[in-house]
Amino acid sequence: MTWFKRESNKIVVPEGHEVRTEGLWTKCPSCSKVIWKADLDANLQVCPVCGHHFKFDAQQRIEQLLEPGYELVDLELRSTDPLEFTDLKPYKKRLAQAQAKTGLNHAIVNAVGKMGPHDVVLSVLEYGFIGGSMGAVEGEAIARAIDRSLATRHPLIVISASGGARMMEGITSLMQMGKVSIGLARMDDEKIPYISLLTDPTFGGVTASFAMLGDLNIAEPGALIGFAGARVIEQTIRQKLPEGFQRSEFLLEHGFLDAIVPRKELKGYLINALGWMTAAEPETASEST
């Protein structure tokens, strides 16, 4: 019976052929609306229909928050392969692919500059670099940002987007949790402000260390934040988790966050927060002299 049989005729795409409209539209995963890419870019990667916050890369965040004339620092650091690790592919190959994809040597971009009238040190995790995971070099990059804040007494802002500590570096990556936390404790002793912004997603050793140690912990709307994944937790406790568990709104309701700030309001919110967080700094400095 071949009445309904269709001959397989493959469409051969000529070399160099591309669809003119490819990449010009994107579908919102929240409301399923199709959005003109230029409109999404103009709206800081936030859906103009439902307000869903798309992922925002590190360079875009820096350009959004800092005034022109900022300086990128610590770019020369480069991730290595201390364990010569291989899973589905060699870790060296993963690093090379991530570096080619993002143009970065590691998953953190540090910058110094002004946010409104305030001098700040900004450290941003790049999720596109192996899921923004934290290895030895990432820990060193944040430690250098902390040292820079300690030396200048400028506030530190860290923006997290990460799957957690990088398993390909084993215990070396886990040690960064303590290393960075000790540095932040020094900042607390010196009363230098530290603001932590958690974005979608922030998980694992990043959540368990610097992401939750801010003097002010804030998040974007709908951000997925936690330590272990929801499915792992459900399998462990053998219970169904509440609706919206690990979303920023749930965490705010239960006291894990201080505020949820939409991306378009973020810069103004941070400038205002830095205003009252640093208001006593000149007086304190004069007293110590």
Side-chain angles (χ1 to χ4, degrees), residues 55-62 72-111 121-150 156 158-186 196-213 223-233 235-236 246:
K55 288 182 174 57
F56 213 36
D57 68 39
Q59 186 61 46
Q60 288 175 306
R61 288 196 181 277
I62 292 170
L72 300 180
V73 293
D74 305 320
L75 297 177
E76 75 284 357
L77 297 174
R78 182 176 289 270
S79 294
T80 60
D81 183 14
L83 303 180
E84 298 184 356
F85 188 89
T86 298
D87 49 5
L88 296 178
K89 65 176 73 171
Y91 180 40
K92 281 188 177 69
K93 187 172 183 180
R94 288 189 188 277
L95 286 173
Q97 290 174 339
Q99 288 161 357
K101 174 185 175 184
T102 62
L104 301 173
N105 287 328
H106 53 90
I108 289 182
V109 182
N110 286 343
V121 178
L122 186 62
S123 191
V124 187
L125 279 74
E126 174 53 70
Y127 190 77
F129 195 105
I130 314 183
S133 51
M134 178 178 62
V137 170
E138 286 72 23
E140 176 63 19
I142 298 179
R144 289 192 182 191
I146 292 171
D147 289 343
R148 202 168 276 112
S149 285
L150 286 166
L156 172 65
V158 176
I159 301 177
S160 299
S162 176
R166 191 173 299 170
M167 69 169 191
M168 297 80 118
E169 296 184 20
I171 191 65
T172 308
S173 64
L174 294 176
M175 289 170 63
Q176 307 311 308
M177 297 169 62
K179 174 180 176 178
V180 173
S181 298
I182 290 170
L184 292 174
R186 291 175 59 203
S196 176
L197 169 65
L198 296 87
T199 70
D200 184 43
T202 300
F203 267 85
V206 169
T207 304
S209 56
F210 60 86
M212 281 294 187
L213 291 178
L224 194 58
I225 301 165
F227 180 69
R231 184 169 57 183
V232 174
I233 297 172
Q235 291 173 348
T236 302
Q246 294 185 323

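Nothing fancy with the numbering, it's 1 onward along the sequence.
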Spell out, as yes or no, whether a donor-acceptor pair under 3.5 Å connects the side chain of [X] to the backbone of [Y].
X      : Y      : result
Asp74  : Ala145 : no
Ser173 : Gly135 : no
Ser209 : Met177 : no
Gln60  : Asp57  : yes
Thr202 : Ile225 : no
Thr102 : Phe129 : no

Evaluate the criterion side chain to side chain contact (heavy atoms under 4.5 Å, CB included) for residue pair Val121 and Val73; output intermediate values, then yes/no.
CA-CA 10 Å; Val121 178; Val73 293; over 6 Å; no

Are there more than 12 heavy atoms of other residues, nucleotides or ligands under 6.0 Å from atom [atom1] of [X]?
X      : atom1 : value
Glu76  : CD    : yes
Met212 : CE    : yes
Phe227 : CZ    : no

Rounded to the nearest 0.5 Å, what separates atom [atom1] in [X] from atom [atom2] in [Y]?
X      : Y      : atom1 : atom2 : answer
Met167 : Leu83  : CE    : CG    : 11.5 Å
Ser133 : Phe203 : OG    : CZ    : 14.5 Å
Arg94  : Lys101 : CZ    : NZ    : 12.0 Å
Arg61  : Leu125 : CZ    : CG    : 10.5 Å
Ser123 : Phe210 : OG    : CZ    : 7.5 Å
Leu95  : Ser79  : CG    : OG    : 5.5 Å

I would like to know whether Ile108 and Val124 meet side chain to side chain contact (heavy atoms under 4.5 Å, CB included); could you show each step before the answer?
CA-CA 6 Å; Ile108 289 182; Val124 187; over 6 Å; no

Are the side chains of [X] and [Y] in touch, meaning some heavy atoms are under 4.5 Å apart?
X      : Y      : value
Ile146 : Arg186 : no
Val158 : Leu197 : no
Ile233 : Gln246 : yes
Glu84  : Lys92  : yes
Leu156 : Leu184 : yes
Leu122 : Asn110 : no
Arg166 : Glu138 : yes
Lys179 : Ile142 : no

Tell me the closest heavy-atom pair linking [X] and [Y], and the distance in Å.
X      : Y      : value
Met134 : Ser162 : N-OG, 4.4 Å
Ala161 : Tyr127 : O-CD1, 3.6 Å
Ala211 : Leu198 : O-CD1, 3.5 Å
Val206 : Ser160 : CG1-OG, 3.8 Å
Ala136 : Thr172 : CB-CG2, 3.6 Å
Ser181 : Leu213 : OG-CD1, 3.6 Å

Are Tyr91 and Glu169 linked by a side-chain donor-acceptor pair shorter than 3.5 Å?
yes

Go through it in stages, so that I can follow the logic: the residues are Gln59 and Glu126, the test is side chain to side chain contact (heavy atoms under 4.5 Å, CB included), and I'd like the CA-CA distance, side-chain angles, deciding distance and then a yes or no.
CA-CA 8 Å; Gln59 186 61 46; Glu126 174 53 70; over 6 Å; no

Hits for side chain to side chain donor-acceptor pair (under 3.5 Å) against Arg78, two or more places apart or cross-chain, chain-then-number order -> Gln99, Asn105

Between Lys93 and Asp81, does any NZ, NE, NH1 or NH2 come within less than 4.0 Å of an OD or OE carboxylate oxygen?
no

